[in-house]
Number of protein chains: 2
Amino acid sequence: MNLRDLRYVIAVADHRHFGRAAEACHVSQPTLSGQLRKLEEMLGMTLFERTNKSVVPTQAAEQILPLARAAVENADAIAALAQGWRDPLAGSLRLGVIPTLGPYLMPRVLGPLKQHYPNLDLVLWEDVTDNLLSRLRRHELDAALLATDVMEDGIVDIPLFDEPFLLVMPEAHPLSAMEQIDAARLETVEMLVLADGHCLRDQALAACKQPGGGRADLRATSLEMLLNMVAAGYGCTLAPAVTVAGRASPVSGTVTRPLAPGTAGRTVRLAFRETFPRRTAVEAVAAAIRTLHPGGT
Amino acid sequence: MNLRDLRYVIAVADHRHFGRAAEACHVSQPTLSGQLRKLEEMLGMTLFERTNKSVVPTQAAEQILPLARAAVENADAIAALAQGWRDPLAGSLRLGVIPTLGPYLMPRVLGPLKQHYPNLDLVLWEDVTDNLLSRLRRHELDAALLATDVMEDGIVDIPLFDEPFLLVMPEAHPLSAMEQIDAARLETVEMLVLADGHCLRDQALAACKQPGGGRADLRATSLEMLLNMVAAGYGCTLAPAVTVAGRASPVSGTVTRPLAPGTAGRTVRLAFRETFPRRTAVEAVAAAIRTLHPGGT
DNA sequence: TGATAATGATCGGTAAAACCTATCATGAGT
DNA sequence: ACTCATGATAGGTTTTACCGATCATTATCA
């Protein structure tokens, strides 16, 4: 059985006339007659009682017709759906973002992206790097914004921009007197870091050569919380530029200073499966983010 | 798009493996790969992300799959329905019957017919001849049990049996003394007949040469009512043998006498469109009825 | 590290099918 | 008697679905 045949059946039932039905199906009348006859043979029953005067569906055909219509409608729905997905810049793109990037970067990206590609629906998922990569592998995400090198098999990435880390310290901190902090000084500070799993944690600890891992009695799952701890005087922290650059004013009670150029920073990347078919959409997102950082990689 | 292609898509989605999906579809793997690729091209989108390690449906495919499954299920339902109709002696047969035949003949036919052809469902429709023929022409009935010649274009019939008319009269009627009534006597009686439209009315009037049409102040729509009128002494009537032969006892207050052989009677026929495809079923019904009347035509 | 196995893609050729044009048979209307 | 309209049929062409064989890539294992 064939969808085309079902369309023929429906057309004949609707027009009650082989010639007009054939015309509606854009085939010749003999073609339609022949195909219908073959279908009837295959089904082992007569679908239409024909005379030279009239064509009337049999009882069996009347029962079959709604099913045939449903099948054809489903097929048409598939075609319509496909039409919607033809544009790689349409449909939903499931984008993972790490927590130290999402709240700061996405608000500035979503607007312009929606403006350029109104049919592209970004579905955001915030989680730490490892979980994002797992979801990416499991096809639960299409792409992910990360700040680490990706050494994952089958996953590739587009570097978007480099950003330096800044030192954030309590107002009273001695280093607040300096315009710029160098690497040596960095190793001397009491460094507060995020909870396990955040890439920023590891990067901050590496930058200040404190592989042990900050104060064990404090736990911050968000960068905002961490900054509040700094403001409360518990210590200092390293924050990526993007997390402070967008602010109207620094967190009250803290002072922010840049590090000596090249001391520490991170590269933000858009990672995705190399087999992901809608690379165009991924590249559009990458381009949109790069546009916000003209000095990027 | 093709139902076969949809089956391929479903198989690949289910097996997540081209080779096994192909096996399940009883085609070679290259065939399935090729067809799937063509479908993807036609739809203008990728349905599966393939690596040498895994085959995963894209988001678009996930949306399409339920539709594809529905379409395939509809097609399968059509095939199943057709399977049920393959046997011409299965499914419903819409049978019209005239009122002076149905209540007397059908009870004796339905049982044996159901026994022989348990899958054949007779759907009965009782009406007068003209209405039955209209419905037959409009394909609202498949066959009709009539007691008149059918001169309808495109309608043919199978004669089933002849039956004589009997004279039914009030107990006190003078003719009740005779064993048999001849044609001449028949013309002398006060004849009660059924309402307009019943073929028995015309046949009775013709038999007693009273074309005018009985007593205008009496109207009977059923033969039973007519017999009651006879019992009440309003006059006599002609009843087909089948309507009194099946009775345990005659209607009380009436006497029934045969006519002289060949005087008046009717031929019961099974009429149907000559294009009706399930002639086998019609013939089965005809045979069943004839079996009850071994002396039939 | 090199052989083996498994994956999906590709190629060339074949068989089936769908299709078209032309024609036929039948019946209705004029 | 003629014309028109119906659906069916015949013959031939084009499309397409299919298979077997083979390839490229990658994972596995000795």
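A, B, ... follow the sequence lines: proteins, then strands. Residue 1 opens every chain.
Heavy atoms of Asp153(A) sit under 4.0 angstrom from primed sugar atoms or phosphate atoms, though from no base atom. No engagement by Phe48(A) is indicated, since no non-hydrogen atom pair under 4.0 Å with the nucleic acid exists. Using a 4.0 Å heavy-atom cutoff across all strands shown, Gly34(B) reaches no nucleic acid atom at all.
Note: CG (Leu32(B)) to P (dC18(D)) measures 9 Å, nearest angstrom. Regarding Arg7(A), its CZ atom lies at a distance of 15 Å from the P atom of dA18(C), rounded to whole Å. Rounded to whole Å, atom C1' of dT16(D) lies 16 Å from atom CG of Leu3(A). Going from atom CZ of Phe18(A) over to atom P of dT26(C) covers 18 Å, rounded to whole Å. With rounding to whole Å, Gln35(B) atom CD is found 14 Å from dT10(C) atom C1'. In this structure, NZ of Lys53(A) is placed 11 Å from C1' of dC4(D), rounded to the nearest angstrom. For the pair Lys38(A) NZ and dA17(C) P, the computed distance is 6 Å after rounding to whole Å. For the pair Met1(B) CE and dT16(D) C1', the computed distance is 17 Å after rounding to whole Å.
Atoms CG and NZ, on Asn2(B) and Lys38(B) in that order, are 9.5 Å from each other to the nearest 0.5 Å.
Between Ser28(A) and the phosphate of dC20(C), there is a side-chain N or O to OP1/OP2 separation shorter than 4.0 Å. Between dC19(C) and His26(A), no contact under 4.0 Å exists linking OP1 or OP2 to a side-chain N or O. The shortest distance between the side-chain N/O atoms of Arg37(A) and the OP1/OP2 oxygens of dA8(D) is not below 4.0 Å. For Ser33(B), no side-chain nitrogen or oxygen approaches OP1 or OP2 of dG8(C) to under 4.0 Å. Side-chain N/O atoms of His17(A) include none lying less than 4.0 angstrom from OP1 or OP2 on dA5(D).
For Arg37(B) and Glu41(B), the salt-bridge test passes: some basic side-chain N is under 4.0 Å from an acidic carboxylate O.
Each of Pro30(A) and Asp5(A) was assigned the nucleotide of DNA chain C with the nearest heavy atom; the assignment lying further toward the 5' end belongs to Asp5(A). Along DNA chain D, the nucleotide closest to Gln29(A) and the one closest to Arg4(A) are compared, and the more 5′ of them pairs with Gln29(A). Between Thr31(A) and Thr51(B), it is Thr51(B) whose nearest contact on DNA chain C lies nearer the 5' terminus.
Remark: Arg94(B) is not positioned above the aromatic ring of Trp125(B), lacking an NZ or CZ atom under 6.0 angstrom from the ring centre and at most 45 degrees off the axis.
The backbone N or O of Tyr8(B) lies less than 3.5 Å from no partner atom in the side chain of Gln35(B), so there is not a single donor-acceptor pair. With hydrogens and angles disregarded, a donor-acceptor distance shorter than 3.5 Å links the side chain of His17(A) to the backbone of Arg20(A).
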